[in-house]
Enquirer: 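So that we are looking at the same thing, I have put the structure below in C-alpha cells.
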Protein chains: 2
Amino acid sequence: MKKNMIIGQSGGPTAVINSSLAGAIEYALQSENVDNVYGMINGIEGLMEENIISLTAMFRSLPHELNRLKHSPAMFLGSCRYKLSDNEEEYKRLFELLDYYEIGYFIYIGGNDSMDTVQKMTAYAEKIGHDLRVVGIPKTIDNDLVGIDHSPGFGSAAKYIATCVREVAYDTSIYSIKSVHIIEAMGRNAGWLTAASVLARQDNMPAPHLVYLPEIPFSVEQFVSDVKKKLEEYNSVIVVVSEGIRDKDGRYISAAQSTEADLFGHERLSGAGAYLKSVIEEEIGCKVRALEPSVLQRSAGHIASLTDVNEAFNLGSVAVRAAVEENLTGVFSTLTRTSNKPYSVAYGFEDVSTVANKENTVPVSWISEEGNDVTEEMVTYLRPLIRGTVQTPFRGGLPDYVDIRHLDVRKQRYRD
Amino acid sequence: MKKNMIIGQSGGPTAVINSSLAGAIEYALQSENVDNVYGMINGIEGLMEENIISLTAMFRSLPHELNRLKHSPAMFLGSCRYKLSDNEEEYKRLFELLDYYEIGYFIYIGGNDSMDTVQKMTAYAEKIGHDLRVVGIPKTIDNDLVGIDHSPGFGSAAKYIATCVREVAYDTSIYSIKSVHIIEAMGRNAGWLTAASVLARQDNMPAPHLVYLPEIPFSVEQFVSDVKKKLEEYNSVIVVVSEGIRDKDGRYISAAQSTEADLFGHERLSGAGAYLKSVIEEEIGCKVRALEPSVLQRSAGHIASLTDVNEAFNLGSVAVRAAVEENLTGVFSTLTRTSNKPYSVAYGFEDVSTVANKENTVPVSWISEEGNDVTEEMVTYLRPLIRGTVQTPFRGGLPDYVDIRHLDVRKQRYRD
C-alpha cells in the first residue's frame, strides 16, 4: 500500500543539505511505495504547526528545479533547533498529524542533535506499535558525526576555508613587510575544518603556516613564540584557529577577553581571531588582520565540493530507499571509505543510536607534537573530500539558487 | 630600434590586476618594437633596488602560464605604496637604471596614487629630453578612478560582495526568528562596492534590504529606525554598509566607538559593522551578526567577473600598444561604455593627469532620497559589470593560481 512521506531539515545549514533533500525527493518521486511527498517547514516544529508543503507538486514535473535544489546552499525547508521533550502529549499530537496526513515515512536531515529526533520518533512509534518508518540523513560542516567516514557538508566547508587561505596568501604576498593574518574557522569542539585549511598548501606557498585545533589546550605564550619563529622565515604568516580553542583550564580563548570586556559594559564575546590579533599587536607589533568567514563557510554553494554534493545526494536516496524498500526504521544513511586511491565510498545504514548526541573530534594523534599543525595521515584523509568543481547555475553573473519564497509564508495549512 | 620594457604593479591588489599584466605581456612579447620584457618586483621600489625579473623568460614559450596568470588574483609582481618624491636624485638614479637596462617603455598598473608615479616619470623624462614612453593601466576595486567608465577590479569585487549577500540571505532564511546581518564592504570614500550589493536582489529575495554609502552622512538613529521598519516586514534583514560611513560631522562611525573603547585600553578600531551590531543589540535586541569579508572581496579570483577579467586584459594590451605602436607617453588606457544593451565598451587613452590623485565618488543623485538604497540608474550601470563566469583552473579541488615564489627572493639583481 502506498503511503505518504514527509521530509524535514534541522540544525545549522550547509552547502549541500539541499543536495540530500534533492536525492531524497528524486528517489521518493520514483518509488512505487510512495504517494505524496510533503516537506515540513522549519523541521519538527513545522510539522507540529502543520506548516507543510507538497514537494510532489513542486518537483514532480520539474527535473531542472530538482537539479537547482541540488546546487543550492542552506535549507530549502527551513530549520529548527527544537529538541523533542519527554512529554507524551507532544508525541500524541505528532502521531495524530502523521496519521491525518497518512504518512508512513518520516525522513529527517540533520546533525547529531537532529538524530535525537529520529531516535525519539522511532522509539515512540515502537512503543505504540505504529509502523512509521523513521530514517535520518546526516549533515554537518563540523564533521563531528560518529558512524560515518565524514559528514556531508564538511567537504564543501573545507574547500571554502582552504580556498580562503590560498586567496588570502596571494593577497598578502604582495608587500615585502611582515604581516600576520589570523583566520577563524568554525567547529567549537572539533578541529576538522581548521585542519582542512592545510589543503591550501602548495610547493610554492606553505600557507597556512600554523593551525590550532580545539582538541588540545591552547597556550597564548606558545602561539606568540610560534608566530615569531615563522616571521623569521616568512614575510607573511597565515594562521588558522578554531573558534573553540581553549586554554589548559578549558576556558575559551575568546572568552578570556570577553570577561574583561564585560566589566566595561561590552555585550558580546570577541572571537578567538580578534583576541589573538590584539595579542600579536601587543607582543610583536607587526601588521595583523583577523578574518572570520563566519556563515559564509557553510553557505558558499558556488564553491561547493562536487564530491560532497554527490555524496550528500546519494545519502538522501539511500535513506529513502532504506525506509520505502527495505522497511528499515531508526537508522540513518551513512558512508564508508572503501579506498583512498582511487577514492571511493560505499553507502549503507547505521542504527541512529550510534550517532545521536555524540561528537567525533579529531584524534590527538593526528595533531603534530608541537600542537600547531596536523599530520600527513590527516591530509590523506582530507584530500579527496574537496575534489571536484560544481556547475552552479549562474544568472546575471550570480549563483541562481532555488526559490525559497515559501519559507516566508507562515502556517501553510492543508486543512482549516 | 627595439627597446626593452619594464612593467610594475602598485597599490592594493584586485582579482584582475594580473589579467592586465597578462594582456600587457602578451602584447609586448608579440611586438616587433619590444626586445626584453622585465618586471619590477614591488613596484618602483623594486626598480630602485634593481629587484627585477625577466617576464620574457617566464612567459615567452608558455602560453598556458600566461593564461594562468590571467586568472590569478593579487599581484604577480608584488606591490609598493611608494610615492615618488620631488628629490631630483631619485629620478637621476631611476633613469640611470632605465638606461642601464635599455628600457624604452615603462608600464605601470595601479590606482590613482600609482598614476601619480606615471605622471612624475613622464614629467621628468620630458624635462631631461628622455624618450622613455610611460603608460599607466588602471585598477582598483573601489571604482573611484576618474576618466574611465568603471575600474578593472571593481566588477569582480562587486560580484563577490553580491554573491556574499545572496549566500548569507539563503543561510539566514532558515530560521523563523528575527535577525539582522550587517556586511561591511570596502570603499572608504566611494560607495560603489556597497551599492553593488543590491545586484543580489531577486524577485523572491529582496536582500540587501538596506545599503548605506559613505557619500552621504550616516545617522545611527535613522539606521535603527530603518532596521526596525524592515524587521516588521521580514524575519531576516540584511544590511550592507561601507567601511567609510561617517556622521554629519564627518566622524567615522567605526571611530565613534573606538574613542570610547580606547579609554578601556583596547587598541584597535572596530569596524562600522561591528559597531552597528552592538547598536542593534542594544536598541533592538534581536539576533545580529556583523560580517567583514575584508581582503577576500579583492582576492577571490575563483569568482571573478569574466567581463572584468577580459576588460582588464584588454586594458593591458591597449596600454602597451599606446607605448610601442603609437609612441604615446603620460597616458593611461581607458574604456568608455558605448552601449548598455547589449553591453559594449570602446578602448582608448586619456592623459594621466585626468586620473592621478583624484577620486570618483558615487553621485548623490544615484542614492535614494531616504539615504538607505540606490536608484535604478545605479543598478543599470552596475548590472553588466559582474557578468560572465571565469574558468579558473582548479587542481586537487582548489584554484590553481600562478606560482609567485619569486616574490620571496630578495634583490634579484641582473648585475653585481
Side-chain angles (χ1 to χ4, degrees), chain A residues 9 13 42 72-75 78-80 159 162-164 166-168 170-176 199-200 204-205 234-235 261 264 266-268 277-278 281-282 289 291-296 298-303 305 307 383 386-389 394 396-399 401 403-405 407-408, chain B residues 9 13 42 72-75 78-80 159 162-164 166-168 170-176 199-200 204-205 234-235 264 266-268 277-278 281-282 289 291-296 298-303 305 307 383 386-389 394 396-399 401 403-405 407-408 410:
Chain A
Q9 295 173 318
N42 298 123
S72 297
M75 291 155 98
S79 182
C80 68
K159 185 182 186 114
T163 303
C164 275
R166 181 162 295 176
E167 294 185 329
V168 170
Y170 272 79
D171 189 272
T172 185
S173 67
I174 67 159
Y175 294 117
S176 53
L199 297 176
N204 56 29
M205 197 182 270
Y234 305 102
N235 272 339
F264 302 128
H266 293 236
E267 282 197 343
R268 65 177 275 275
K277 174 184 191 295
S278 69
E281 276 166 345
E282 270 172 50
R289 277 202 194 94
L291 281 95
E292 199 186 333
S294 182
V295 299
L296 294 168
R298 69 185 188 195
S299 57
H302 76 274
I303 190 154
S305 152
T307 302
R383 213 177 276 287
I386 66 164
R387 292 237 172 97
T389 307
F394 271 73
L398 294 175
Y401 297 134
D403 192 335
I404 52 168
R405 225 175 307 203
L407 290 182
D408 255 356
Chain B
Q9 296 173 317
N42 297 124
S72 296
M75 291 156 97
S79 182
C80 68
K159 186 182 185 113
T163 303
C164 274
R166 182 162 294 176
E167 293 185 330
V168 170
Y170 271 80
D171 189 274
T172 184
S173 68
I174 67 160
Y175 294 118
S176 54
L199 297 175
N204 57 30
M205 197 183 269
Y234 304 101
N235 271 339
F264 302 129
H266 293 236
E267 283 197 342
R268 64 178 273 275
K277 174 183 190 298
S278 70
E281 276 166 346
E282 269 171 51
R289 277 201 193 94
L291 280 94
E292 198 186 333
S294 182
V295 300
L296 294 168
R298 69 185 190 197
S299 58
H302 76 274
I303 190 153
S305 152
T307 302
R383 213 178 277 288
I386 65 164
R387 292 236 172 98
T389 306
F394 271 75
L398 294 175
Y401 297 134
D403 192 335
I404 52 169
R405 225 175 308 203
L407 289 182
D408 254 356
R410 304 289 126 217

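Every heavy atom of this structure was used, including side-chain atoms; hydrogens, water molecules and symmetry mates were not. Since the structure is predicted, the reported quantities are computational estimates derived from the model, not experimental observations. Here is how names work: the chains are called A, B, and so on, in the same order as the sequence lines, proteins then strands, and each is numbered from 1.
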Enquirer: Among A:Pro73, A:Pro293, A:Pro399, which residue forms the greatest number of heavy-atom pairs with chain B at distances under 4.5 Å?
Expert: A:Pro399
Enquirer: Does any heavy atom of chain A fall under 4.5 Å from the side chain of B:Leu291, the backbone, both, or neither of them?
Expert: side chain
Enquirer: Mind ranking A:Ile404, A:Leu199, A:Thr307 by heavy-atom pairs under 4.5 Å with chain B and telling me who comes out on top?
Expert: A:Ile404
Enquirer: For B:Thr163, is it the side chain, the backbone, both, or neither that has a heavy atom closer than 4.5 Å to a heavy atom of chain A?
Expert: both
Enquirer: So which of A:Pro13, A:Ser72, A:Ser79 has the biggest tally of heavy-atom pairs under 4.5 Å with chain B?
Expert: A:Ser79
Enquirer: Heavy-atom cut-off 4.5 Å, strictly under: side chain, backbone, both or neither for A:Cys80 against chain B?
Expert: backbone
Enquirer: Which atom pair, heavy atoms only, marks the closest approach of B:Tyr175 to A:Asn42?
Expert: CA-ND2, 4.3 Å
Enquirer: Using a 4.5 angstrom heavy-atom cutoff, name the option from B:Glu167, B:His302, B:Met205 with the most pairs to chain A.
Expert: B:Glu167
Enquirer: Contact part of A:Tyr401 toward chain B, heavy-atom cut-off under 4.5 Å: side chain, backbone, both or neither?
Expert: both
Enquirer: Given side chains that start at C-beta, do those of B:Leu398 and A:Ile386 come closer than 4.5 Å, heavy atoms only?
Expert: yes
Enquirer: Is the number of heavy atoms from other residues, nucleotides or ligands within 6.0 Å of CZ (A:Arg383) greater than 12?
Expert: no
Enquirer: Report which part of B:Ser173 has an atom under 4.5 Å of a heavy atom belonging to chain A: side chain, backbone, both, or neither.
Expert: both
Enquirer: Chain A heavy atoms under 4.5 Å from B:Met75: which part of the residue, side chain, backbone, both or neither?
Expert: both
Enquirer: Using non-hydrogen atoms only, which part of B:Ile303 is less than 4.5 Å away from chain A: side chain, backbone, both, or neither?
Expert: side chain
Enquirer: I need the A:Glu292 CD to A:Lys277 NZ distance, nearest 0.5 Å.
Expert: 13.0 Å
Enquirer: Within this structure, what is the OG1-CZ distance for the pair B:Thr172 and B:Arg289, rounded to the nearest 0.5 Å?
Expert: 7.0 Å
